[in-house]
Each structure stands twice: as structure tokens, then as C-alpha cells.
2 protein chains.
Amino acid sequence: MSGQAVEEVLAVLRERGGRVTVGRRAVVEALVETTGHMRAEDVVTRVQAGHPDVHASTVYRTLESLEEAGLVTHTHVGHGAAVWHLAGDDRLHLACDRCGEVVHIPPGLFDEVEDHLRHSLGFEATLRHIAVPGVCMACSRAAPP
Amino acid sequence: MSGQAVEEVLAVLRERGGRVTVGRRAVVEALVETTGHMRAEDVVTRVQAGHPDVHASTVYRTLESLEEAGLVTHTHVGHGAAVWHLAGDDRLHLACDRCGEVVHIPPGLFDEVEDHLRHSLGFEATLRHIAVPGVCMACSRAAPP
DNA sequence: TTCCGTGCAAACAATTTGCAATAGA
DNA sequence: TCTATTGCAAATTGTTTGCACGGAA
């Protein structure tokens, strides 16, 4: 069924007048196969593991196209890195500053804060676009502050 | 009195065995004079306006040293940029995706969410380390979604 | 046939690093 | 004096771009 998910994404791409190529399929497969949170670089690595002939720039351009088509989104994690995942997968992210782990948490958790910012400041916050940094349980146990 | 703030920071640096130089003083002055939210690059520009002889790498190294000494912190703003400010200046940040404006909001606003994450997941979130992205009031009026 | 996507290599931006010279404490 | 800092230039890292060719529709 993950194969089906891949085809669905590619179908949308095709509908919009885009073309489906080996590289693009490989990028989508990589995103479907992993639970998400892969940095662009990781996508490149994973794609090239199966398709050494697919160039890195193709991966970057594919991610861009997929995002433009609304099929994929990226989330910023701390130090400039971004993680990519299929759209619709609207989980929120926590990123551990120590071990780098990115954890998914259910959506809705920040609704209250977002509402508050909207009402008090007119600011439309999109917390799903970033990973909230901090220290995960495992790391804080390993080395308490 | 901002001059005094500068001396206070430099004094701590000196206490720790560090040395106070023209470049370091200029970096601290830049941070004291502005309300904060300057990217590293902006600090370089501002420092060099008054001291063209201070090299960019010196500014980067100084920011690093100041952070190590706990005198300065940085906050990540969306696409990889980071803004620097004096420690103790613990305001939270919102960053508009459209116009790039960085707005300060009072601390404490995220306490509830942070508590929740701590209790339910054992995750010590530090929302002050990032700017929450979104669209500011002015921009959402200019071009509603 | 069309023209979208691709590989390639070079450009890029922002930051970092190695090293010898300089200048605080 | 002693060694933390600096300037400089070169190396890095991660991503983007221009261009001519190749392949999906």
C-alpha cells in the first residue's frame, strides 16, 4: 500500500502537467518509506542508494516541485536543517538539541497558543512549520542540567 | 547607560580569563545598541561600519565566545538564519514569513505548552530558542489567503 | 513533436578553520 | 612575558543555477 501512496502522489504531479521520472519516483518513494523527518541531504543519500545516477540537484528540484504542488512540506529543525515529509502528514515536531532526534507529536497541541497569538496580535502562527527544540527525556536523564 | 551595559558584559568576559579587544567591544556595542534580532551577518555589517578593520571571522568567533560565556544567545528564525541578542533579554520571537519582520512578545506565553510537553513526554522544550513563524497582521491584511 | 526534467559543473552564501603575527593582562 | 585573539585566505557545507541534451506525454 505504500506503493499505492507513491502512485497517488505521482498521479497528482502528472495531472498538473508534470512528468514522472525515475528520479522523481525515487524521491517520493523515499518520503513514503520513511516516517518522514529526512533532511534534504538524507533524501539525496537514500535516493542515490538505489539510483546512483540520480543527481543531487535533481532531488532538490524535485522536492521543490513537490512542495509547489502541495504534495510535500518541509519543517525547519534548529540549525538551518529542514526535514521533509508528505503533505497531509500534519504532525508537529520536537527536536532534541543533544541527540538530534526528531519526534512527532499529535496535531492540535498548539492550537491554544496559536489562537492566542491570532486574537491578541493578529499573528497567524504556523507552528507546524518548525520543530520545537529542547531536550528529550532520554538525554535529560543521561545528563541532567 | 548602554555604555555601562557594554562594560558589564566585557567585565564578565575578562573575569573568565578572556581578553577585551576593539572587535569584541564593537560586537557587544552592536548588540546593546540594537533591540536585538540581528543576524550574524548584520552584526558584521554594523561592526564594520565603525571598525572596518575588524574581520568578519572575528565577529563570528566573538559571538561564539560570548555565547559560551552565557552572555549572549541566538534564536533561529525560519530559513536557517539566526538572530543574536544579549542573554537575559528573554523575550520570545515571532517571525513573519512574508515581510521577514521579527517581533518580540513577552515571555511566559508558552509556559503552558512547555509544561504540557514536560509532563506528558518528558521533553524540555525551549521555545525561546526559535522564532515562531507565521504571517503578521500587516501582511495578512495586505494579501489575505 | 514538445518542452519538462536532468546531469554536470560552476556559482553561491554563510560560516569555519589553520596558521603565523599581534596585542591584551 | 605568555597566550588569547586576530587577520587573512582557503576550505567547508548545503543548496542553487545556467545550459544543452534526453526522455515523458
Side-chain angles (χ1 to χ4, degrees), chain A residues 6-7 9-30 37-48 50-69 71-72 74-84 100, chain B residues 6-7 9-30 37-48 50-69 71-72 74-84 100:
Chain A
V6 172
E7 294 313 319
V9 170
L10 294 177
V12 176
L13 205 53
R14 214 181 264 115
E15 265 171 38
R16 300 178 102 245
R19 291 172 188 179
V20 174
T21 64
V22 178
R24 289 183 160 195
R25 172 169 273 117
V27 169
V28 175
E29 279 168 358
H37 52 264
M38 304 183 84
R39 294 168 307 148
E41 216 193 334
D42 301 327
V43 179
V44 171
T45 306
R46 192 178 177 98
V47 164
Q48 293 187 336
H51 305 268
D53 46 319
V54 173
H55 200 273
S57 64
T58 297
V59 174
Y60 284 102
R61 283 190 278 222
T62 297
L63 288 171
E64 206 182 308
S65 305
L66 290 170
E67 185 164 51
E68 235 173 75
L71 292 164
V72 150
H74 70 276
T75 299
H76 294 282
V77 178
H79 294 257
V83 292
W84 295 80
Chain B
V6 173
E7 294 314 316
V9 170
L10 294 176
V12 175
L13 204 53
R14 214 181 263 117
E15 265 170 38
R16 300 178 101 246
R19 291 172 188 181
V20 174
T21 63
V22 178
R24 290 185 159 193
R25 172 169 273 116
V27 169
V28 175
E29 279 168 359
H37 53 264
M38 302 182 83
R39 294 168 307 147
E41 218 194 333
D42 301 327
V43 179
V44 171
T45 305
R46 192 176 177 100
V47 164
Q48 292 186 336
H51 305 267
D53 45 320
V54 173
H55 200 274
S57 65
T58 298
V59 173
Y60 284 102
R61 284 189 278 220
T62 297
L63 288 172
E64 205 181 308
S65 304
L66 290 170
E67 185 164 51
E68 233 173 76
L71 293 164
V72 150
H74 71 276
T75 299
H76 294 282
V77 179
H79 293 257
V83 292
W84 295 79

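Just so we're on the same page: letters track the sequence lines, and every chain starts at 1.
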Checking contacts here: which listed nucleotide ([options]) is nearest the side-chain heavy atoms of [X]?
| X | options | answer |
| --- | --- | --- |
| Tyr60(A) | dG24(C), dG14(D), dT15(C) | dG14(D) |
| His55(B) | dG7(D), dT2(C), dT15(C) | dG7(D) |
| Val20(B) | dA25(C), dT6(D), dA9(D) | dA25(C) |
| Thr21(A) | dT15(C), dG24(C), dA24(D) | dA24(D) |
| Ser57(B) | dG18(D), dT17(C), dA14(C) | dT17(C) |

Any side-chain N or O of Arg24(A) under 4.0 Å from OP1/OP2 of dG5(C)?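 So the side-chain polar atoms of Arg24(A) do come within 4.0 Å of the phosphate oxygens OP1 or OP2 of dG5(C), strictly under.
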Do any side-chain nitrogens or oxygens of Arg14(A) fall under 4.0 Å of OP1 or OP2 in dA25(D)? yes
Atom [atom1] of [X] and atom [atom2] of [N]: how far apart are they, to the nearest Å?
| X | N | atom1 | atom2 | result |
| --- | --- | --- | --- | --- |
| Arg19(A) | dA24(D) | CZ | P | 10 Å |
| His74(A) | dT15(D) | NE2 | C1' | 13 Å |
| Glu67(B) | dT16(C) | CD | P | 11 Å |
| Glu64(B) | dT5(D) | CD | P | 12 Å |
| Asp53(B) | dA23(C) | CG | C1' | 14 Å |
| Arg16(A) | dA25(D) | CZ | P | 16 Å |
| His51(A) | dT6(C) | NE2 | C1' | 15 Å |
| Leu13(B) | dA25(C) | CG | C1' | 13 Å |

Just so I know, are the side chains of Trp84(B) and His74(B) near enough to count as touching, which here means a heavy-atom distance under 4.5 Å? yes
Using modelled atom types and a 3.5 Å cut-off, is there a donor and acceptor pairing between side-chain atoms of Arg24(A) and backbone atoms of Arg19(A)?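 Checked: pair present.
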Closest heavy-atom contact between Val44(A) and Ala56(A)?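 In terms of heavy atoms, the two residues are closest at CG1-CB, 3.9 Å.
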Minimum heavy-atom separation for Arg46(B) and Ala30(B), please, with both atom names.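 Reported closest heavy-atom pair: CD-CB, 3.8 Å.
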Check every strand shown and say whether Arg61(B) touches a base, only sugar-phosphate, or nothing at a heavy-atom separation below 4.0 Å. base
By nearest-nucleotide position on DNA chain D, the 5'-leaning member of Gly17(B) and Ala56(B) is Gly17(B)
Side chain to side chain contact (heavy atoms under 4.5 Å, CB included), that's the test. Do Val72(B) and Val9(B) meet it? Break it down for me. CA-CA 9 Å; Val72(B) 150; Val9(B) 170; 5.9 Å; no
If you take atom types as modelled and just measure distance, does the side chain of Arg25(A) reach the base of dG5(C) with a donor-acceptor pair under 3.5 Å? no
